[in-house]
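Data block below; observations after.
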Amino acid sequence: MLKVGVIGCGYWGPNLIRNFNGLPDAEVTAIADLDEKRLAHVGLLYPGARKTTDHLTIVQDPTIDAVVVATPMSTHYPLGRQVLEAGKHLFVEKPMATTSDDCRALIDLARRRDRVLMVGHTFIYTPAVRKIKALIDSGELGDVYYVNVQRVNLGIFQKDANVVWDLAPHDVSIVNYLFGADPVRVSATGRCYVQHDLGIEDVAFLTLEYPEGRLAHIHVSWLDPNKIRNTTVVGSRKMLVYDDVSPAEKIRVYDKGVDVQPHYDNFGEFQLLYRSGDVFIPRLDTVEPLRVEAQHFVDVVAGKTELMTTGVHGLRVVQVLEQACRSIKEDGRPQDLAYAL
Ligand SMILES: NC(=O)c1ccc[n+]([C@@H]2O[C@H](COP(=O)([O-])OP(=O)(O)OC[C@H]3O[C@@H](n4cnc5c(N)ncnc54)[C@H](O)[C@@H]3O)[C@@H](O)[C@H]2O)c1
């Protein structure tokens with residue numbers, strides 16, 4: 001039985017506590033939060049778990065094997081470092097840290113201590129994203145040309161990070177996973193419409209260039225009337241739309257495309273043939289992604305399977321976010337991405 005401590009029980013932490021605690025081979029034995037009221041409220045649901053406002057109580061507890069860090073991103077590195085230095089396995093929420101140097105330091109520490117370091121890129125554990133990956137890898141969509149993402153809603157305006165750091169980690173991690181590659185260049189434009197005085201962007205448009213000419217465009221916003229979670233994947237054979245807000249029919253695969261006539265002698269004969277066939281809605285498992293994610297962490301610690309969202313995966317996402325923000329500051333100038341680690 002893996003004994004787990006959780007640091008941070010604000011909005012997201014309770015979901016992690018519930019899922020880790022619901023696993024047959026894990027138990028949340030301690031919960032920490034600086035906010036006493038929040039701790040007392042969440043703690044009521046877990047009478048068996050120790051509650052503390054001092055996270056060091058968890059970090060220094062020899063009975064705890066692994067620690068989940070679900071605190072604001074600026075605390076991921078200092079807390080994560082303490083967890084690993086104490087010889088415990090670490091599950092850290094996304095984004096892994098606020099700089100790529102801090103990510104590298106955590107990766108290095110985990111290696112030296114031989115501990116598991118997993119980053120909470122939840123979408124990689126969703127049935128929908130896994131289905132899309134399977135469709136791409138099977139060749140069902142043909143050559144994938146580009147991905148277009150909209151992740152927008154009204155709020156919640158963050159004070160310690162812009163909308164790129166808040167929302168785009170999901171999409172960068174998803175597209176990296178789907179393409180099985182990291183982008184080579186990023187350009188971005190963003191604006192601070194609401195928190196202008198704080199210089200915090202609330203709207204941003206990112207363009208990621210991947211190997212083989214593939215593109216991803218990501219629109220993230222806290223300033224939109226509707227909650228939209230739409231991803232379009234366009235391939236040479238088929239196209240699909242993934243609507244994460246849809247309760248039942250999350251993925252629609254369109255047998256649509258355009259073919260160029262293979263032979264033509266002059267421009268007058270150049271013809272495009274439009275194809276428009278059936279729409280297919282794949283059945284998806286109804287499993288809760290966080291449960292899959294929590295079980296995966298426990299299985300990796302037990303040596304049963306290989307880690308999917310590694311520290312390096314988390315680092316790659318942070319590198320893209322860093323360069324995207326640099327591009328925003330430089331009026332959209334494209335920034336190269338080099339991955340020495
Ligand atoms: N994977 C996902 O889909 C997903 C979704 C939402 C949030 N998140 C991530 O989860 C993390 C937390 O987000 P949130 O929305 O729950 O934030 P939140 O502000 O609602 O909660 C954070 C909690 O951490 C506590 N905290 C801060 N420093 C602490 C410390 N040193 N010791 C103990 N407690 C401390 C705060 O008191 C607060 O209760 C962020 O990294 C966020 O990006 C991930």
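In listed order, ligands and their atoms are each counted from 1. Only heavy atoms go into these numbers, but all of them, side chains included; no hydrogens, no water, no symmetry mates. For this chain, numbers begin at 1 and follow the sequence in order.
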Do me a favour and list the nearest non-hydrogen protein atom to atom 11 (C) of ligand 1 with residue, atom name and distance?
T71 O, 3.4 Å
Which residue supplies the protein heavy atom nearest to atom 42 (C) of ligand 1, what is that atom called, and how far is it?
K94 O, 3.7 Å
Counting only non-hydrogen atoms of the protein, does one fall under 4.0 Å from atom 26 (N) of ligand 1?
yes
What protein heavy atom lies closest to atom 39 (O) of ligand 1? Include the residue and the distance to one decimal.
D33 OD2, 2.7 Å
Using 4.0 Å as the upper bound for N to carboxylate O, is an ion pair formed by R111 and D108?
no
Less than 4.5 Å apart, side chain to side chain, heavy atoms only: is that true for D244 and K250?
yes
Could you tell me whether E85 and R115 make a salt bridge, using a distance below 4.0 angstrom between a side-chain N and a carboxylate O?
no
Compute the ring centroids of Y177 and F123, then answer whether they are less than 6.0 Å apart.
no
Close-contact set for ligand 1 against H170 heavy atoms, below 4.0 Å
2 (C), 3 (O)
Under 3.5 Å, N or O to N or O, is T75 touching ligand 1 that way?
no
Within ligand 1, which atoms have a heavy atom of P72 less than 4.0 Å away?
22 (C), 24 (O), 27 (C)
By number and element, which atoms of ligand 1 are closer than 4.0 Å to a non-hydrogen atom of G8?
24 (O)
Min over M73, H76, R38, Q158 of heavy-atom distance to atom 41 (O) of ligand 1 lands on H76
Pairs where residues 160-183 contributes a residue and the test salt bridge (Lys or Arg N to Asp or Glu O under 4.0 Å) is met, not counting sequence neighbours
R151-D171, D182-R316
For atom 5 (C) of ligand 1, closest protein heavy-atom neighbour:
W12 CD2, 3.2 Å
Which is it for R130 and D285 under the salt bridge (Lys or Arg N to Asp or Glu O under 4.0 Å) test, yes or no, and what are the steps along the way?
CA-CA 10 Å; R130 289 189 169 183; D285 292 340; over 6 Å; no
Pull out every atom of ligand 1 sitting under 4.0 Å from any heavy atom of I7, numbered as shown with elements.
32 (N), 33 (C)
Those atoms of ligand 1 less than 4.0 Å from some heavy atom in G120:
1 (N)
Identify all side-chain donor-acceptor contacts of residues 228-235 below 3.5 Å with residues at least two apart in sequence or on another chain.
unit_1: R229; atom_1: NH1; unit_2: V152; atom_2: O; d: 3.2
unit_1: R229; atom_1: NH1; unit_2: N153; atom_2: OD1; d: 3.0
unit_1: R229; atom_1: NH2; unit_2: N153; atom_2: OD1; d: 2.7

Which heavy atom of the protein is the closest neighbour of atom 1 (N) of ligand 1, given with residue, atom name and distance?
T122 OG1, 2.6 Å
When you compare the side chain of N19 with that of E288, does any pair of heavy atoms fall below 4.5 Å?
yes
Before accepting this row, confirm whether a basic side-chain N of the pair K133/D137 lies closer than 4.0 Å to the acidic partner's carboxylate O.
yes
Geometry only, no angles: is E93 polar-contacting ligand 1 at N/O separations under 3.5 Å?
yes
L34-ligand 1 polar pair, N/O distance under 3.5 Å
yes
H296 and side-chain contact (heavy atoms from CB on, under 4.5 Å): which single residue from R291, E306, M308 fits?
M308
Select the closest option to atom 21 (O) of ligand 1 among C9, P14, G10, judged by heavy-atom distance.
G10
Looking only at protein heavy atoms, which one is nearest to atom 12 (C) of ligand 1, and what is the separation?
A70 O, 3.4 Å
Closest to atom 20 (O) of ligand 1 among protein heavy atoms sits Y11 N, 2.9 Å
Near-ring test H313/H121, centroid separation under 6.0 angstrom:
yes
